[in-house]
Amino acid sequence: QVQLVESGGGLVQTGGSLRLSCAASGSIFTINDMGWYRQAPGKQRELVATISKGGNTKYADSVKGRFTISRDNAKNTVYLQMNSLKLGDTAVYYCNANILGGGSYYAMDYWGKGTLVTVSS
């Protein structure tokens, strides 16, 4: 089975930095778009950033200029570099990837279990 595992979450102070990683494993033929989403208590899950197979990126306005999404296709891994962290960035961050599994005819969306990022003052 295909699996996404996030890592890198933790507690940081405002203005600090954190780098999240998400590694995909299992029977994988191709990974298409990848992205990061986040959800704070009492709020809906929101898109943070996405990156296409060709490297095109999109960011939520709230993180533009502070966060950078990247991917290493050789490692089946997507990263989220978070700088100048604010209190509003506190959330569980989820990795998402559209993946065509080995021997499959169609791609599916997969989600990681999430990693908690807590920003304190």
Side-chain angles (χ1 to χ4, degrees):
Q1 64 182 34
V2 174
Q3 184 178 9
L4 300 181
V5 179
E6 303 102 333
S7 62
L11 175 64
V12 296
Q13 293 184 326
T14 55
S17 298
L18 211 59
R19 193 188 196 205
L20 306 182
S21 299
C22 172
S25 62
S27 181
I28 299 171
F29 183 78
T30 300
I31 301 180
N32 299 310
D33 290 358
M34 305 183 81
W36 289 94
Y37 295 72
R38 68 186 183 186
Q39 186 169 25
K43 294 186 177 181
Q44 292 184 320
R45 185 175 299 188
E46 64 176 349
L47 185 148
V48 176
T50 62
I51 183 167
S52 71
K53 193 174 183 178
N56 293 322
T57 59
K58 294 183 181 293
Y59 298 91
D61 289 339
S62 60
V63 307
K64 195 171 297 183
R66 300 187 299 119
F67 291 9
T68 302
I69 188 170
S70 61
R71 63 191 288 171
D72 186 338
N73 291 330
K75 296 181 178 180
N76 289 336
T77 300
V78 62
Y79 306 94
L80 185 68
Q81 178 66 48
M82 304 184 293
N83 298 326
S84 301
L85 284 163
K86 303 175 179 179
L87 292 176
D89 296 321
T90 295
V92 176
Y93 285 71
Y94 296 91
C95 175
N96 169 263
N98 185 260
I99 298 174
L100 177 64
S104 298
Y105 286 110
Y106 58 92
M108 294 177 57
D109 282 338
Y110 293 86
W111 292 88
K113 293 182 178 180
T115 184
L116 178 63
V117 173
T118 303
V119 183
S120 64
S121 61

Where [X] and [Y] come nearest, the two heavy atoms and their spacing:
X	Y	result
Glu6	Gly114	OE1-N, 2.9 Å
Asn83	Ser17	OD1-OG, 2.9 Å
Ala107	Asn32	CB-ND2, 3.8 Å
Ala91	Ala40	CB-N, 3.9 Å
Arg71	Ser52	NH1-O, 3.1 Å
Ser84	Arg66	O-NH1, 3.0 Å

Subject >> Val92/Thr115 under side chain to side chain contact (heavy atoms under 4.5 Å, CB included): CA gap, chis, key distance, verdict >> reply: CA-CA 5 Å; Val92 176; Thr115 184; over 6 Å; no

Would [X] end up clustered with [Y] when hydrophobic side chains under 4.5 Å apart are linked, directly or stepwise?
X	Y	result
Phe29	Tyr105	no
Val119	Trp36	yes
Met108	Ile28	yes
Phe67	Leu20	yes

Can you tell me how far apart [atom1] ([X]) and [atom2] ([Y]) are? Round to the nearest 0.5 Å.
X	Y	atom1	atom2	answer
Ile69	Tyr59	CD1	OH	6.5 Å
Leu80	Cys95	CG	SG	10.0 Å
Leu4	Lys113	CG	NZ	11.5 Å
Arg45	Asn96	CZ	CG	9.0 Å
Gln1	Tyr110	CD	OH	9.0 Å
Ile31	Lys53	CD1	NZ	9.0 Å

**OP:** Show your reasoning for whether ring-ring contact (aromatic ring centres under 6.0 Å, His included) applies to Tyr37 and Trp111.
**Re:** CA-CA 10 Å; Tyr37 295 72; Trp111 292 88; 5.0 Å; yes

**OP:** Could you tell me whether Asp61 and Lys64 have a side-chain N and a carboxylate O separated by less than 4.0 Å?
**Re:**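 Yes, this pair counts.
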
Original post:
Are a donor atom and an acceptor atom from the side chains of Arg38 and Tyr93 found within less than 3.5 Å of each other?
Top reply: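 Indeed, the side chains of Arg38 and Tyr93 share at least one donor-acceptor pair under 3.5 Å.
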
Original post:
Looking only at side chains, do Asp33 and Asn98 share a donor and an acceptor under 3.5 Å apart?
Top reply: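 Result is no, nothing qualifies.
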
Subject >> pair Ile51-Val78: side-chain heavy atoms closer than 4.5 Å >> reply: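 Yes. Closest side-chain heavy atoms under 4.5 Å.
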
Original post:
Do Ser120 and Leu11 come within less than 4.5 Å of each other through their side chains, counting heavy atoms only?
Top reply: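 Yes, at least one pair of side-chain atoms sits under 4.5 Å.
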
Original post:
With distance as the sole test, does Thr90 use its side chain to make a donor-acceptor pair with the main-chain N or O of Gly88 at under 3.5 Å?
Top reply: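 No, because the side chain of Thr90 does not come within donor-acceptor range (under 3.5 Å) of the backbone of Gly88.
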
**OP:** Please confirm whether Arg19 makes a cation-pi placement over Tyr79, using NZ or CZ under 6.0 Å from the six-membered ring centre and within 45° of the ring normal.
**Re:**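 Arg19 over Tyr79 ring: yes.
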
Original post:
Can you name the one residue among Leu18, Val63, Thr118, Thr14 that meets side-chain contact (heavy atoms from CB on, under 4.5 Å) with Leu85?
Top reply: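 With Leu85 as partner, Leu18, Val63, Thr118, Thr14 yield a single side-chain contact (heavy atoms from CB on, under 4.5 Å), made by Leu18.
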
**OP:** Tell me, with the steps shown, if Asp89 and Met82 meet side chain to side chain contact (heavy atoms under 4.5 Å, CB included).
**Re:** CA-CA 9 Å; Asp89 296 321; Met82 304 184 293; 5.9 Å; no

